[in-house]
Amino acid sequence: MKTALVQYSPEWENIEKNIDKIERLLSGINLPLDLIVFPEMTLTGFTMNQKDFGEDIDGASFRYFMDLSNRQKTDVICGIIEKEGSNYYNSAVHFSKGLIAAVYRKIHLFSHSKENNYYAKGNDPVVTKVDGIKTGLSVCYDLRFPELYRLLRKEGSEILIDIANWPVDRIEHWRVLLRARAIENQSYVIGVNRTGNDPFYKYNGFSSVYDPMGNLITEAKDEEKVLIADLDIDDLRKTRDKFKFGEDICLI
């Protein structure tokens, strides 16, 4: 599965400029892609101004990523501030060839930055299909809670994705946790982080892909870059068949 990880420095709360940035970054990619993955809150940054940027299906972010996935004839996973009634959610949205395939609402809200004061928590883990491959979705802080990923594995996920705005001060946690989620679940793990600054934090990327044995496939440090990774699902299945750890999982 040919996968692109878009690591970039979004302009704070500027959807129009960020769309332009993404278009420039993707313009240099000529390969056919099965999946494009973007950071958390892709077009706004990690804002608590949810009332200004919350969207329903007719919003600017939804419309842009629908169009992008349709133009590229591929799947897209990105971060959108989703509005439903009086609630706002920090969501990972899966678009497939112009249609919404799945929406995951972040379960673990980052209380350290008061995210829980502005956003409602999700309740349901989400496993979607990308090119027929079961894929579990998560957002940033979720990465610290392995029980979510264990459930995603039990539901058949072969790819685990975490989209994030993970700051430089704790970047080594990000790197270790991504690798741990890959090893313990014998899954490909895709982590897409941002670079640059917002009014509160500094970010230095380290978007990366780990294979089911915890080997690093690709990584981008502190730069705007589109990483390309080819995920070998047959190899993943051979690994799981050789080391049948998944059959011994006991959820307590």
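Since the model is a prediction, treat every value here as computed from it, not as a measurement.
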> Quick one: which residue pairs count as a salt bridge (Lys or Arg N to Asp or Glu O under 4.0 Å) with a foot in residues 97-111, not counting sequence neighbours?
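Applying salt bridge (Lys or Arg N to Asp or Glu O under 4.0 Å) to every pair that reaches into residues 97-111, excluding sequence neighbours, yields E40-K106, D75-K97, E82-R105, E84-R105, K106-E115.
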> Any heavy-atom pair between the side chains of N90 and M41 that's under 4.5 Å?
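Answer yes - side chains close enough.
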> Out of curiosity, does I81 fall in the hydrophobic cluster containing W166 (side-chain heavy atoms, cut-off under 4.5 Å, transitive links)?
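No, it is not one cluster - the side chains of W166 and I81 are not joined through contacts under 4.5 Å.
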> Measure the shortest side-chain to side-chain distance between I233 and Y188 over non-hydrogen atoms and say whether it is less than 4.5 angstrom.
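Answer yes - side chains close enough.
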> Please confirm whether the backbone N or O of G205 pairs with a side-chain atom of N193, one donor and one acceptor, at under 3.5 Å?
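Here the side-chain-to-backbone pair exists.
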> Please list all pairs meeting ring-ring contact (aromatic ring centres under 6.0 Å, His included) that have one or both residues in residues 106-154, counting only residues at least two apart or in different chains.
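Residue pairs passing ring-ring contact (aromatic ring centres under 6.0 Å, His included), neighbours aside: H108-F145, F110-H112, F110-Y141, Y141-F145.
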> Taking R194 for its side chain and Y8 for its backbone only, find out whether a donor-acceptor pair lies under 3.5 Å.
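Answer holds: no.
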> With rounding to the nearest 0.5 Å, note down the distance linking CG in L148 to CG in L151.
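That separation rounds to 7.0 Å.
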> If you look only at distance, which donor and acceptor atoms sit under 3.5 Å apart when one is on a side chain in residues 124-134 and the other is two or more places apart or in another chain?
unit_1: T128; atom_1: OG1; unit_2: H94; atom_2: ND1; d: 2.8
unit_1: K134; atom_1: NZ; unit_2: E155; atom_2: O; d: 3.4

> Does anything in residues 213-243 form a ring-ring contact (aromatic ring centres under 6.0 Å, His included)? List the pairs, not counting sequence neighbours.
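Residue pairs passing ring-ring contact (aromatic ring centres under 6.0 Å, His included), neighbours aside: F243-F245.
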> Identify whether L216 and V37 are in the same connected component of the hydrophobic contact network (ILVMFWY, side-chain heavy atoms under 4.5 Å).
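Same cluster: L216 reaches V37 through Ile, Leu, Val, Met, Phe, Trp or Tyr contacts under 4.5 Å.
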> Can Y104 and D142 be counted as having a side-chain donor-acceptor contact under 3.5 angstrom?
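Short answer, yes.
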> Is it true that E158 and R237 make a salt bridge, defined as a side-chain N closer than 4.0 Å to a carboxylate O?
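Looking at E158 and R237, the cut-off is met.
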> I'd like to know if the side chain of S69 and the backbone of G98 have a donor-acceptor N/O pair within less than 3.5 Å.
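Here the side-chain-to-backbone pair exists.
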> Begin from the C-alpha positions of I77 and V93 and carry the test side-chain contact (heavy atoms from CB on, under 4.5 Å) through to its verdict.
CA-CA 6 Å; I77 293 171; V93 183; over 6 Å; no
> Show me the pairs that pass salt bridge (Lys or Arg N to Asp or Glu O under 4.0 Å) and involve residues 4-19, at least two apart or across chains.
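Non-adjacent pairs meeting salt bridge (Lys or Arg N to Asp or Glu O under 4.0 Å): zero.
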> May I ask you to decide whether E224 forms a salt bridge with K21, counting only side-chain N to carboxylate O separations under 4.0 Å?
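Judged by the 4.0 Å cut-off on N to carboxylate O distance, E224 and K21 do form a salt bridge.
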> What's the verdict on side-chain contact (heavy atoms from CB on, under 4.5 Å) for V209 and V189, showing C-alpha distance, side-chain angles and the deciding distance?
CA-CA 6 Å; V209 179; V189 170; over 6 Å; no
> Do the side chains of L143 and R181 get nearer than 4.5 Å, heavy atoms only?
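Yes. Closest side-chain heavy atoms under 4.5 Å.
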> Sequence neighbours left out, what passes side-chain contact (heavy atoms from CB on, under 4.5 Å) with Y64? Give chain and number order.
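Applying side-chain contact (heavy atoms from CB on, under 4.5 Å) to Y64 gives I19, I22, E23, L43, L68, R71.
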> Can you check whether D232 reaches L236 side chain to side chain, under 4.5 Å on heavy atoms?
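Contact flag for D232/L236 side chains = no.
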> So which heavy atom on R150 is nearest to which on N185, and how close?
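Heavy-atom minimum between the residues: NH1-OD1, 3.0 Å.
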> Can you list every pair that meets ring-ring contact (aromatic ring centres under 6.0 Å, His included) and has a residue in residues 194-230, with sequence neighbours left out?
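Pairs touching residues 194-230 that pass the test: none.
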> Heavy atoms only: give me the nearest K2-D230 pair and the separation to one decimal.
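In this case the closest contact between K2 and D230 is NZ-OD2, 3.5 Å.
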> Go through it in stages, so that I can follow the logic: the residues are I228 and L33, the test is side-chain contact (heavy atoms from CB on, under 4.5 Å), and I'd like the CA-CA distance, side-chain angles, deciding distance and then a yes or no.
CA-CA 9 Å; I228 305 294; L33 296 168; 4.0 Å; yes
> Among pairs that include at least one residue of residues 197-206, which meet salt bridge (Lys or Arg N to Asp or Glu O under 4.0 Å), considering only residues two or more places apart or in two chains?
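Every pair satisfying salt bridge (Lys or Arg N to Asp or Glu O under 4.0 Å) with a residue in residues 197-206: there are none.
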> Would the distance check show the side chain of S187 and the main-chain N or O of L160 forming a donor-acceptor pair, the cut-off being under 3.5 Å?
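Such a contact is absent between S187 side chain and L160 backbone.
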> Evaluate the side-chain contact (heavy atoms from CB on, under 4.5 Å) criterion for residues T195 and Q7: first the C-alpha distance (whole Å), next the side-chain angles of each, then the deciding distance (0.1 Å), finally the verdict.
CA-CA 7 Å; T195 59; Q7 175 173 288; 3.5 Å; yes
> Going by heavy atoms in the side chains, are M213 and T239 under 4.5 Å from each other?
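The answer is yes; the side chains approach within 4.5 Å.
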> Do I80 and F95 come within less than 4.5 Å of each other through their side chains, counting heavy atoms only?
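Side chain of I80 against side chain of F95, heavy atoms only: contact under 4.5 Å found.
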> Verify the distance criterion only: is there a donor paired with an acceptor across the side chains of N215 and D211 at less than 3.5 Å?
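Note: N215 and D211 side chains meet the donor-acceptor criterion.
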> Please check if the side chain of T47 supplies one atom and the backbone of N49 the other of a donor-acceptor pair under 3.5 Å.
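Indeed, once roles are kept as given, a pair shorter than 3.5 Å links the two residues.
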> For a side chain to side chain contact (heavy atoms under 4.5 Å, CB included) with L227, tell me which candidate from I190, T3, L5 qualifies.
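It is L5, the one option of I190, T3, L5 that forms the side chain to side chain contact (heavy atoms under 4.5 Å, CB included) with L227.
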> Any salt bridge (Lys or Arg N to Asp or Glu O under 4.0 Å) pairs touching residues 162-175, not counting sequence neighbours?
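As it turns out, the salt bridge (Lys or Arg N to Asp or Glu O under 4.0 Å) pairs with a partner in residues 162-175, which skip direct neighbours, are E172-R175, R175-E219.
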> State plainly whether one hydrophobic cluster holds both I163 and I36, where clusters connect Ile, Leu, Val, Met, Phe, Trp and Tyr through side-chain heavy atoms under 4.5 angstrom apart.
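Each belongs to a different hydrophobic cluster.
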> Just by modelled atom types, is the S61 backbone N or O under 3.5 Å from a matching donor or acceptor in the E55 side chain?
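Yes.
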> What closest approach, in Å, do S113 and F46 show between heavy atoms, and which atom pair accounts for it?
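Answer, listing the atom of S113 first, then F46: OG-CE2, 3.5 Å.
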> Mind checking what makes salt bridge (Lys or Arg N to Asp or Glu O under 4.0 Å) contact with K83, not counting sequence neighbours?
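None.
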> Are I159 and M1 close enough that some pair of their side-chain heavy atoms sits under 4.5 Å apart?
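I159 vs M1: side chains touch.
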> Which side-chain hydrogen bond (donor to acceptor under 3.5 Å, both in side chains) pairs, counting each pair once, include a residue from residues 242-252, with sequence neighbours left out?
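Counting only pairs at least two positions apart or across chains, the side-chain hydrogen bond (donor to acceptor under 3.5 Å, both in side chains) contacts touching residues 242-252 are D241-K244.
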> For T218 and A229, work out which heavy atoms get closest and say how close.
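Here T218 and A229 meet closest at CG2-CB, 4.0 Å.
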> I'd like to know if the side chain of R240 and the backbone of G246 have a donor-acceptor N/O pair within less than 3.5 Å.
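Not a single qualifying donor-acceptor pair exists.
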> Are the aromatic ring centres of F65 and F38 under 6.0 angstrom apart?
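Here the rings of F38 and F65 have centres that are less than 6.0 Å from each other.
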> For residues L137 and A92, report the shortest heavy-atom separation together with the two atoms involved.
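Closest approach of L137 to A92, heavy atoms only: CD1-O, 4.3 Å.
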> Same cluster or not: V76 versus L31, using hydrophobic residues (I, L, V, M, F, W, Y) connected whenever any side-chain heavy atoms lie under 4.5 Å apart?
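Yes; L31 is reachable from V76 via cluster members.
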> Indicate, with yes or no, if L99 and F62 share a hydrophobic cluster defined by side-chain heavy-atom contacts under 4.5 Å among Ile, Leu, Val, Met, Phe, Trp and Tyr.
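No, F62 does not connect to L99 through the hydrophobic network.
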> I need the minimum non-hydrogen distance between C78 and T42, along with the two atoms involved.
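It is CB-OG1, 3.5 Å.
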> Spell out, as yes or no, whether a donor-acceptor pair under 3.5 Å connects the side chain of S138 to the backbone of I161.
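Yes.
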> Would you say the side chain of K154 lies within less than 4.5 Å of the side chain of I249, judging by non-hydrogen atoms?
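Side chain of I249 against side chain of K154, heavy atoms only: contact under 4.5 Å found.
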> Listed by chain and number, what are the side-chain contact (heavy atoms from CB on, under 4.5 Å) partners of K121, not counting sequence neighbours?
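I107, L109, N123.
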